[in-house]
Amino acid sequence: MCIREDMYVQERACVLLGHHRYEPATESLKEVVEHGMPNGKPAARKALSMIRSRQLDKR
């Protein structure tokens with residue numbers, strides 16, 4: 001995942017992954033939630049939420 005020194009890059013990467021509901025990024029997003037930067041953590045949580053909503057829609 002995008003573990004960079006710029007918190008805005010990390011945030012934007014999470015937003016894009018969530019917007020596209022990119023399921024393979026789930027583990028990386030969980031890592032950002034745990035160890036990410038201040039802007040990345042909430043963005044990763046929201047991205048995971050968006051991915052989960054897609055998984056629920058498939059059922």
K.L.:
Between atom OG1 of Thr26 and atom CD1 of Ile51, what is the distance when rounded to the nearest 0.5 Å?
P.N.:
4.5 Å
K.L.:
If you round to the nearest 0.5 Å, how far is OG of Ser53 from CG of Leu48?
P.N.:
11.0 Å
K.L.:
Can you list, pair by pair, the side-chain donor-acceptor contacts under 3.5 Å of residues 13-25, counting residues two or more places apart and other chains?
P.N.:
residue : atom : partner : partner atom : Å
Arg21   : NE   : Met50   : O            : 3.2
Glu23   : OE2  : Lys58   : NZ           : 3.1

K.L.:
Keeping to residues at least two apart or across chains, list the salt bridge (charged side-chain N to carboxylate O under 4.0 Å, His left out) pairs with something in residues 33-49.
P.N.:
none
K.L.:
For Ala44 and Val33, which heavy atoms make the closest approach, and how far apart are they?
P.N.:
CB-CG2, 3.6 Å
K.L.:
May I ask you to decide if Met37's main-chain N or O and Gln10's side chain share a donor-acceptor pair within less than 3.5 Å?
P.N.:
yes
